[in-house]
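Here's the structure, in structure tokens; my notes come after.
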Amino acid sequence: MAKTRNGVVAALDIGTSKVVCFIARVYGQGLRVVGIGHQAALGMRSGNIVDMEAATRAISSAVSTGEEMCGEHVREVIVGVSGGSPASHNQSLEVMVGHHEIGERDIRRGQQLIQLPAETADRDIIHSQAIGYSVDGTPVRDARGMFGERLGVDVHLVTAQSGAMRNLQVCVRRAHLEIADRVTAAHASGLSSLVADERDLGVTLIDMGGGTTSIAVFYEGNLVHVDSIPVGGDHVTRDIARGLSTPVAHAERMKTQIGRAVAKPNDEYDIIDVPLIGEEERTRPNHVPRSILVGIIRPRIEETFELVRSRLEASGVDKLAGGRAVLVGGASLLDGVPEVAGAILNKKVRVGAPLRLAGLADSTGGPAFSAAAGLLAYAQMQHAATQPASASQTEAPRGRIGRIGSWIRENF
Ligand SMILES: Nc1ncnc2c1ncn2[C@@H]1O[C@H](COP(=O)(O)OP(=O)(O)OP(=O)(O)O)[C@@H](O)[C@H]1O
Ligand SMILES: [Mg+2]
């Protein structure tokens with residue numbers, strides 16, 4: 001686990017709208033958040049860094065606020081990845097075991113058999129996990145201790161564009177921090193905001209942020225698919241600003257305070273006052289029925305979930321993705337979003353938030369903080385899984401092949 005000498009672990013979620021740093025203290029098997037720093041993101045677009053200097057400033061500021069709150073000094077952070085177009089790749093490997101009892105060594109031999117798909121040439125591996133086994137072609141839950149001739153291992157890899165990951169690393173380093181591990185935002189959100197039954201039975205986690213909508217599918221307890229769409233709540237704000245010729249800051253306020261994705265019967269008669277761009281100081285009111293605002297918001301939300309649906313269908317995991325979806329991220333707070341999502345995805349939808357993490361206040365315990373909380377949940381899982389060999393977990397991210405080596409250690 002990414003710990004300082006004082007037994008604290010730090011998570012850094014670098015989003016398009018905000019940068020969040022959670023610093024937690026380790027208590028036995030649990031964690032308590034003791035330091036929180038969050039601030040508006042700078043230099044970001046659709047989860048990617050577009051201005052290195054501005055992004056570094058936002059990272060430094062969020063981390064130092066968190067450090068001041070708890071009086072700890074952070075050196076290493078687990079970073080949440082919003083950009084870099086995260087994508088999933090599956091590999092099926094087979095190892096001959098010659099009818100003896102299957103053990104760790106057989107599984108490790110699979111290591112040499114992994115061949116990175118050609119499309120990953122300019123991508124970093126940020127997650128790799130065995131998600132299924134078979135012995136002589138028969139699927140099994142855990143192959144260890146079984147007898148057979150052929151051991152099959154299905155591995156799920158998540159990759160992200162190397163350039164985007166490099167930019168992230170440089171900014172984090174310029175803020176005098178090291179990256180202990182990287183986790184895609186939707187994966188992290190799923191770890192903090194789903195209950196174990198959802199992850200077991202099959203669920204689609206949708207993290208609707210400011211500039212991206214990220215998807216993570218969990219099945220039989222494992223992450224089995226990730227995807228991301230470069231559209232989020234900020235697109236809704238810009239649609240409102242354009243559609244009503246109002247300043248972006250006012251469009252954002254209207255969206256969060258009176259915005260809705262689903263029309264109500266009296267919207268026609270509910271009149272709102274909308275300042276026009278360049279005429280903010282005016283005394284003359286500009287009256288618009290609320291139905292116009294709803295009419296701008298709804299199509300963007302529908303379009304976003306239609307994209308999610310078609311990505312899920314194209315990926316072939318829609319069956320595993322189950323009949324349930326959990327929405328997190330700031331944009332999931334918009335009134336009516338769960339209803340639209342449910343209708344378009346044809347799933348039962350709930351809005352999620354971090355579960356079981358002590359020390360969060362109301363203002364930092366909502367859906368927009370699921371990814372940051374999930375990075376701590378990830379740290380905790382890694383810690384529990386690798387307690388005796390924890391030294392290897394404190395290394396900085398390794399190379400492509402090095403990380404594949406680590407899945408063997410982490411997952412068997
Ligand atoms: N109460 C609310 N109602 C509607 N929208 C909201 C509300 N609160 C926040 N949002 C929207 O949520 C978005 C920000 O969400 P979040 O903080 O999860 O993004 P992020 O993690 O920084 O970005 P990303 O994950 O896309 O990189 C903004 O578009 C903001 O307008
Ligand atoms: Mg986010």
Side-chain angles (χ1 to χ4, degrees), residues 11-22 36-50 55 58-59 62 79-86 160 164 167-168 182-193 205-216 226-241 248-262 293-294 296-298 300-301 304 308 326-338 340-341 351-354 362-375:
L12 181 66
D13 178 36
I14 305 170
T16 313
S17 301
K18 62 176 187 344
V19 179
V20 183
C21 174
F22 280 174
I36 297 172
H38 62 97
Q39 80 129 59
L42 301 168
M44 300 290 296
R45 191 175 303 147
S46 292
N48 289 311
I49 294 167
V50 293
I59 292 168
V79 171
V81 174
S82 274
S85 305
N167 294 341
L168 200 65
R182 299 169 294 191
V183 186
T184 48
H187 180 193
S189 295
L191 298 179
S192 70
S193 306
L205 184 291
I206 303 169
D207 187 333
M208 251 187 126
T212 60
T213 295
S214 319
I215 307 164
V226 297
D227 206 342
S228 173
I229 297 160
V231 181
D234 295 350
H235 294 74
V236 177
T237 304
R238 280 201 289 277
D239 289 348
I240 297 170
V248 172
H250 190 81
E252 174 73 14
R253 253 197 316 278
M254 272 201 297
K255 179 184 81 171
T256 55
Q257 288 170 7
I258 55 166
R260 250 198 250 126
V262 179
L293 178 65
V294 179
I296 293 171
I297 295 173
R298 185 175 179 124
R300 179 63 87 168
I301 300 295
T304 308
V308 170
V326 176
L327 298 184
V328 297
S332 68
L333 291 166
L334 181 64
D335 197 357
V337 162
V340 174
V351 174
D362 278 356
S363 59
T364 48
F369 294 88
S370 286
L375 297 172

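Ligands are counted one by one from 1 in listed order, and the atoms in each one are counted from 1 as well.
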Atom [atom1] of [X] and atom [atom2] of [Y]: how far apart are they, to the nearest 0.5 Å?
| X | Y | atom1 | atom2 | answer |
| --- | --- | --- | --- | --- |
| Ile215 | Thr184 | CD1 | OG1 | 11.5 Å |
| Asp234 | Glu252 | CG | CD | 6.5 Å |
| His235 | Thr304 | NE2 | OG1 | 8.5 Å |
| Thr237 | Arg300 | OG1 | CZ | 10.5 Å |
| Ile49 | Leu42 | CD1 | CG | 11.5 Å |

Exercise for the section: Please report which non-hydrogen protein atom sits nearest to atom 19 (O) of ligand 1, along with the residue it belongs to and the distance in Å to one decimal place. Expected result: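 It is Gly210 N, 3.1 Å.
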
If you scan protein heavy atoms around atom 1 (N) of ligand 1, the nearest is Leu333 CB, 3.6 Å

Which of the atoms of ligand 1 are close to [X], meaning less than 4.0 Å from one of its heavy atoms?
| X | value |
| --- | --- |
| Gly211 | 26 (O) |
| Ser17 | 14 (C), 19 (O), 20 (P), 22 (O), 23 (O), 28 (C) |
| Gly329 | 18 (O) |
| Lys255 | 5 (N), 11 (C), 29 (O), 30 (C), 31 (O) |
| Thr212 | 24 (P), 25 (O), 26 (O), 27 (O) |
| Glu252 | 30 (C), 31 (O) |
| Thr256 | 2 (C), 3 (N), 4 (C), 5 (N), 6 (C), 7 (C) |

Whether the side chain of Asn48 engages the backbone of Gly84 through a donor-acceptor N/O pair (distance < 3.5 Å, no angle test) should be reported.
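Flag set: sc Asn48 to bb Gly84 pair under 3.5 Å.
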
Subject >> Polar side-chain atom of Ser46 near backbone of Thr212 as donor-acceptor pair, under 3.5 Å >> reply: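 Absent.
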
Next item on the list: Could you go through the side chain to side chain contact (heavy atoms under 4.5 Å, CB included) check for Asp239 and Ile297 one step at a time?
Entry: CA-CA 7 Å; Asp239 289 348; Ile297 295 173; over 6 Å; no

>> Just to check, does Ala331 reach to within less than 4.0 Å of ligand 1 when the distance is taken from its heavy atoms?
In response: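 Checking ligand 1 against Ala331, which is what was asked, there is a heavy-atom contact under 4.0 Å.
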
### Query
Hey, does Gly232 sit under 4.0 Å from ligand 1 if you only count heavy atoms?
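Contact check Gly232 vs ligand 1: negative.
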
Sub-3.5 Å N/O-N/O distance, [X] and ligand 1:
| X | result |
| --- | --- |
| Gly15 | no |
| Lys18 | yes |
| Asp234 | yes |
| Thr16 | yes |
| Gly330 | yes |

Checking heavy atoms under 4.0 Å, the part of Ser82 that sits near ligand 1 is side chain

**Prompt:** What part of Met44 sits under 4.0 Å from ligand 1 if we count only heavy atoms: the side chain, the backbone, both or neither?
**Reply:**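 The answer is neither.
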
What one should report as the nearest heavy-atom pair of Ala341 and Leu327 is CB-CD1, 4.1 Å

Going by the angle between their ring planes, with limits at 30° and 60°, are Phe369 and His38 parallel, tilted or perpendicular? perpendicular

Which of Ile14, Val50, Val19 passes side-chain contact (heavy atoms from CB on, under 4.5 Å) with Met44? Answer is Ile14

